[in-house]
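Everything numeric in this text was worked out from a predicted model, so none of it was measured. Counting convention: from 1, in listed order, for ligands and their atoms alike.
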Amino acid sequence: MPSPPCAPDRVRRVACIGAGVIGGGWVAHFLARGYDVTAWDPAPDAEVKLRRLVDAAWPALEQIGLAEGASPDRLTLAPTLEEAVAEADFVQESAPEKLELKRSLLAQLDAAAPAGVVIASSTSGYPMTDMQTEATGPGRLLVGHPFNPPYLIPLVEVVGGEKTDPAAVEWASAFYKAAAKSVITMDRELPGFIANRLQEALWREALHMVANGEATVKDIDDSITEGPGLRWAFMGPCLTFALAGGEGGMGHMLDHFGPSLKSPWTRLEAPELDDSLRTAMVDGCDEAAAGRSIAQLVAERDQGVINVLRATGRLPEQRNEGGDK
Ligand SMILES: NC(=O)c1ccc[n+]([C@@H]2O[C@H](COP(=O)([O-])OP(=O)(O)OC[C@H]3O[C@@H](n4cnc5c(N)ncnc54)[C@H](O)[C@@H]3O)[C@@H](O)[C@H]2O)c1
């Protein structure tokens, strides 16, 4: 792959291809971060819908703070895909999730984009290896998987396919960071990437429970928003569970609750909790703790839960407002 035309933190113009829910969300994000954005979408009403989406998102973006010079006026709608990418320093593709469409669209984008410009797909789950088959320059094609709405949820999962140049993956990760995203760079392809695999495990169990009459839809939603979801906003499931092990942290938690992995607590089968998995979990939590003691983490967790409860009006005193005591 030829070198990208500029450094990741020197990007000025981003092309967004496909301007629906996710493409439009990307457009809003890049505009708010001060980029020039050129969009292309074949739908006849695309421009009206896109400008409506950006206008609706803008007050939220003002609230979280705009980059210097950021403006919805820096959005241009291009009449053709070729014109959309002609002067782009980076391309984000967000067309419908259809494999054949993605294959030919990515090949078209590769043929039209300036040499070296990195092209990312927002795909929710297709491996890039399956999408880059028709492109003559597959080295610059990779996945940049966002979460809805991309202008508020920071995470992007970045991963290349078999024919992707590792330098493109590195460049894209650095670009997204420069564009104020939180990046997970994966070193191998995995269907559903990381976050969607986790969401999907929860989702499938929820569907099983409803199908079997084991819980209602409300029970399932409340079980997360009134329970573990309050912690997950600021502390992931691994570190959260480490605190369930008290002073012994993740090691004690695994020794204590390890036998439960054999119980039918979920329809998803558990892996063997052998020494190497135990060590990976304990070491990973130590790394995430970054020198903080269990007591410090407990204090951070408690403050985090209070912050979330307060921000969402669910502290005990807020729940009682206007109601019977
Ligand atoms: N919706 C989500 O929550 C979500 C989250 C992450 C990733 N994604 C992924 O983002 C991509 C877009 O999904 P969406 O939810 O925005 O879909 P959408 O239906 O809202 O938008 C798709 C847009 O693509 C346009 N389009 C149709 N044919 C096209 C073509 N040939 N070239 C370019 N654009 C074309 C459509 O006119 C439409 O505006 C998909 O790959 C999806 O898997 C979606």
Side-chain angles (χ1 to χ4, degrees), residues 14-31 37-57 60 75-86 88 90-113 117 119-135 141-161 164 172 176 179 181-186 189-200 202-203:
V14 176
C16 291
I17 304 301
V21 174
I22 290 300
W26 272 123
V27 167
H29 175 73
F30 289 128
L31 288 170
V37 178
T38 311
W40 177 75
D41 188 300
D45 55 352
E47 175 156 9
V48 175
K49 281 190 175 164
L50 175 57
R51 293 200 185 272
R52 205 185 296 144
L53 188 156
V54 171
D55 286 347
L75 168 63
T76 316
L77 270 287
T80 64
L81 170 155
E82 287 74 17
E83 284 166 88
V85 301
F90 175 74
V91 179
Q92 183 78 41
E93 171 274 309
S94 311
E97 189 79 348
K98 293 180 188 153
L99 186 56
E100 282 310 320
L101 186 154
K102 296 269 195 203
R103 277 185 181 146
S104 69
L105 180 60
L106 288 168
Q108 260 180 292
L109 290 170
D110 170 47
V117 164
I119 301 169
S121 172
S122 297
T123 181
S124 295
Y126 292 133
M128 183 44 80
T129 297
D130 293 348
M131 295 193 292
Q132 64 192 169
T133 50
E134 290 175 20
L141 303 179
L142 48 83
V143 170
H145 175 238
F147 291 79
N148 194 39
Y151 54 85
L152 289 180
I153 308 288
L155 184 60
V156 187
E157 293 168 314
V158 180
V159 59
T164 305
Y176 284 127
K181 302 299 286 186
S182 173
V183 180
I184 294 179
T185 307
M186 297 174 66
E189 291 185 293
L190 195 59
F193 317 117
I194 296 173
N196 275 352
R197 288 182 82 86
L198 293 170
Q199 291 203 108
E200 190 67 17
L202 192 77
W203 182 232

What is the closest protein heavy atom to [atom], and at what distance does it sit?
atom                    : value
atom 39 (O) of ligand 1 : Asp41 OD2, 2.6 Å
atom 11 (C) of ligand 1 : Ala95 O, 3.3 Å
atom 27 (C) of ligand 1 : Pro96 CD, 3.4 Å
atom 9 (C) of ligand 1  : Ser122 O, 3.3 Å
atom 20 (O) of ligand 1 : Val21 N, 3.0 Å
atom 4 (C) of ligand 1  : Ile22 CG1, 3.2 Å

Taking Glu157 for its side chain and Met186 for its backbone only, find out whether a donor-acceptor pair lies under 3.5 Å. no

Gln132 side chain vs Gly160 backbone, donor-acceptor pair below 3.5 Å: no

CD on Gln108 to CG on Leu106, rounded to 0.5 Å: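 Reported to 0.5 Å precision, the distance equals 9.5 Å.
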
Let me confirm one number: the OH-NZ distance from Tyr151 to Lys181, rounded to the nearest 0.5 Å.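 Going from the OH atom of Tyr151 to the NZ atom of Lys181 covers 11.0 Å.
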
Would you mind listing which atoms of ligand 1 come within a distance below 4.0 Å of any non-hydrogen atom of [X]?
X      : value
Ser124 : 6 (C), 7 (C), 8 (N), 9 (C), 42 (C), 43 (O), 44 (C)
Ala43  : 37 (O)
Asn148 : 3 (O)
Gly20  : 16 (O), 20 (O), 21 (O), 23 (C), 39 (O)
Thr123 : 41 (O)
Pro146 : 6 (C)
Lys102 : 40 (C), 41 (O)

State whether any protein heavy atom lies less than 4.0 Å from atom 16 (O) of ligand 1. yes

Is the contact between [X] and ligand 1 made by the side chain, the backbone, both, or neither, using heavy atoms and a 4.0 Å cut-off?
X      : result
Leu105 : side chain
Lys49  : neither
Trp40  : side chain
His145 : side chain
Pro42  : side chain

Flag for Glu134-Ser104: side-chain donor and acceptor within less than 3.5 Å: no

Measure the distances from the heavy atoms of Glu93 to every atom of ligand 1 and state whether one is below 4.0 angstrom. no

Partner of Ser121 under side chain to side chain donor-acceptor pair (under 3.5 Å), chosen from Glu93, Gln92, Glu97, His145: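 Result for side chain to side chain donor-acceptor pair (under 3.5 Å) with Ser121: Glu93.
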
Quick one: are [X] and [Y] in side-chain contact, heavy atoms under 4.5 Å?
X      : Y      : result
Asp130 : Lys102 : no
Leu50  : Asp41  : no
Trp203 : Asn196 : no

Could you work out, for atom 22 (C) of ligand 1, the closest of Ser94, Gly23, Ala46, Gly24 by heavy-atom distance? Ser94

Using the six-membered ring wherever Trp is involved, compare the ring planes of Phe30 and Trp26 and label them parallel, tilted or perpendicular (cut-offs 30° and 60°).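 Rings of Phe30 and Trp26: parallel, under 30°.
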
Ion pair present between Glu200 and Arg197, side-chain N to carboxylate O less than 4.0 angstrom?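 No, Glu200 and Arg197 are not salt-bridged.
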
Sort out for me which residue in Thr123, Leu142, Leu141, Leu105 forms a side chain to side chain contact (heavy atoms under 4.5 Å, CB included) with Met131.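 Result: among Thr123, Leu142, Leu141, Leu105, Thr123 is the only option passing the side chain to side chain contact (heavy atoms under 4.5 Å, CB included) with Met131.
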
With Ser122, the side chain to side chain contact (heavy atoms under 4.5 Å, CB included) member among Val156, Val143, Ile22: Ile22

Check whether any N or O atom of Ile17, backbone or side chain, sits under 3.5 Å from an N or O atom of ligand 1, and answer yes or no. no

